Amino acid sequence: MRVTVAVLLAITLLLPTACRAETGLIEAVSKQYSESHPGLASYRVKLKTNKIDEMLGRMTSSMPPDVPRPEVPNLIKFWDREAGTVVRPATTSPFPYMQQMIDRFSQRFAIDLGTLFLPASRAGEREQLLRKATVKSSKSEIADRSVHHVEISFSEATDIAGAFYGIGLDLPQRKITRLELDIDPQKRTLVNLEIASEESAPLTVAIRHFEAGGHSLPSVIAITSPDGSTDEKFTTTFREIKGYHLPVKQERSIRRPGLEEYLLVEFFDYELKRR
């Protein structure tokens, strides 16, 4: 009996340490993403896209022929290290539905790559979720690269509310039963993510990175489901601008039940503000 009690006590003492170790690895990845573009406080950049004309045409198709159509707006993306990312028109439009169109577009492309996965601002929420979950981990070697696999299981379906990934990719946030993260501990990047939710089919998110200046940012993100109903790809092309590697083109193809869409955005005329 004494041996059994001693073993149980040892296991009980080890569990919080193991959880802290996995939390530390996850937060190291979060920190690596958040510290990209060191010294850069904010930027604004003009953008052009293949979708604005199409969206504008659909939204004005029911207007009488003699009613003036709005001009295609000039759009600007604003990125701020503290405040996040937003897409806005260069001038205010008198047409209310124009703002609706821009808001929808902004949801697709106002994406901050540094907070897309494991956002640093949600570290507290992640820690609370990990404490409630069963966390298992293992290590493996894949193509001469060490990969740390972390499995997070919830005894009850749980809402994670952006704690592990942002809303920009329309990934499920509600009734999550399991998350599986594959982490490269040397580069401190998330290379694969498995999501199981009671409200949707299982999803796999594969992530490739662009590396510059000692930091890595997601450059190619592929989202698929086992049944083939979801097949999405989000690709970012970077270029060095005034000492920083910044997006100059983003392409997003989306195929999921009820939605099939291709979006292309090009960025030009960056204005940078250093800290």
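Just so we're clear, the structure is a prediction, and the values are computed from it rather than from any experiment.
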dist Lys136:NZ -> Glu22:CD (nearest 0.5 Å) comes out at 13.0 Å
Short N-O contact, Glu127 and Arg131, less than 4.0 angstrom: yes
Using only atom types and a distance under 3.5 Å, with no angle test, would you say the side chain of Arg44 pairs donor to acceptor with the backbone of Asp269? no
Keeping the roles fixed (side chain from Ser219, backbone from Arg208), state whether a donor-acceptor pair exists under 3.5 Å. yes
Any Ile176 side-chain heavy atom under 4.5 Å of Phe164 side chain: no
Heavy atoms, side chains only, cut-off 4.5 Å: are Ile76 and Arg88 in contact? no
Does any N or O in the side chain of Ser42 come within less than 3.5 Å of the main-chain N or O of Phe78, such that one atom is a donor and the other an acceptor? no
Quick check: closest heavy atoms across Leu169 and Glu232, and the distance to 0.1 Å? O-OE1, 4.3 Å
Contact check, side chains of Leu129 and Phe154, non-hydrogen atoms, under 4.5 Å: yes
For residues Ile111 and Gly168, report the shortest heavy-atom separation together with the two atoms involved. CD1-O, 3.8 Å
So which heavy atom on Ile221 is nearest to which on Phe117, and how close? CD1-CE1, 3.9 Å
Donor-acceptor contact present, side-chain Thr158 to main-chain Glu156, <3.5 Å: yes
Just do the side chain to side chain contact (heavy atoms under 4.5 Å, CB included) check on Glu261 and Ser253 with the steps written out, would you? CA-CA 6 Å; Glu261 193 169 40; Ser253 60; over 6 Å; no
Roughly how far, to the nearest 0.5 Å, is the CZ atom of Arg239 from the OH atom of Tyr270? 10.0 Å
Does Ser36 reach the side chain of Tyr244, with side-chain heavy atoms less than 4.5 Å apart? no
From Glu251 atom CD to Thr237 atom OG1, the distance as rounded to the nearest 0.5 Å: 6.5 Å
Flag side-chain contact, heavy atom, 4.5 Å: Gln32 against Ser216: yes
Closest approach of Asp227 and Ala201, non-hydrogen atoms and distance? OD2-CB, 4.4 Å
For the atom pair OG1 (Thr85) and CH2 (Trp79), what is the distance rounded to the nearest 0.5 Å? 7.5 Å
Heavy-atom pair of closest approach, residues Asp184 and Gln186: OD1-N, 3.0 Å
Per the side-chain hydrogen bond (donor to acceptor under 3.5 Å, both in side chains) rule, which among His215, Glu211, His209 passes with Lys187? Glu211
So Ile195 and Leu179, do their side chains get closer than 4.5 Å, heavy atoms only? yes
In the structure I gave you, are the side-chain heavy atoms of Lys242 and Arg274 within less than 4.5 Å of one another anywhere? yes
Tyr165 backbone acceptor or donor facing Gln173 side chain under 3.5 Å: yes
Rounded to the nearest 0.5 angstrom, the CD-CG distance for Glu194 and Leu181 is 10.0 Å
Taking Arg255 for the side chain and Gly228 for the main chain, is one N or O donor matched with an acceptor at less than 3.5 Å? yes
Verify, without hydrogens or angle tests, whether Arg178 (side chain) and Glu151 (backbone) share a donor-acceptor contact under 3.5 angstrom. no
In Å and rounded to the nearest 0.5 Å, what is the CG to CG distance from Leu190 to Leu118? 6.0 Å
So, the side chain of Arg126 versus the backbone of Pro119: is there a donor-acceptor pair under 3.5 Å, distance only? yes
Can a donor-acceptor pair be found, under 3.5 Å and without considering hydrogens, that links the side chain of Arg122 to the backbone of Gly166? no
Heavy-atom check, side chain of Tyr33 versus side chain of Thr189, under 4.5 Å: yes
Can you tell me if Asp159 uses its side chain to pair, donor with acceptor, with the backbone of Lys175 under 3.5 Å? yes
Can you give me the closest heavy-atom contact between Pro172 and Ile160, atom names plus distance? O-CD1, 4.5 Å
Quick one: do Leu272 and Leu246 satisfy side chain to side chain contact (heavy atoms under 4.5 Å, CB included)? Show the steps, please. CA-CA 11 Å; Leu272 310 185; Leu246 299 170; 3.7 Å; yes
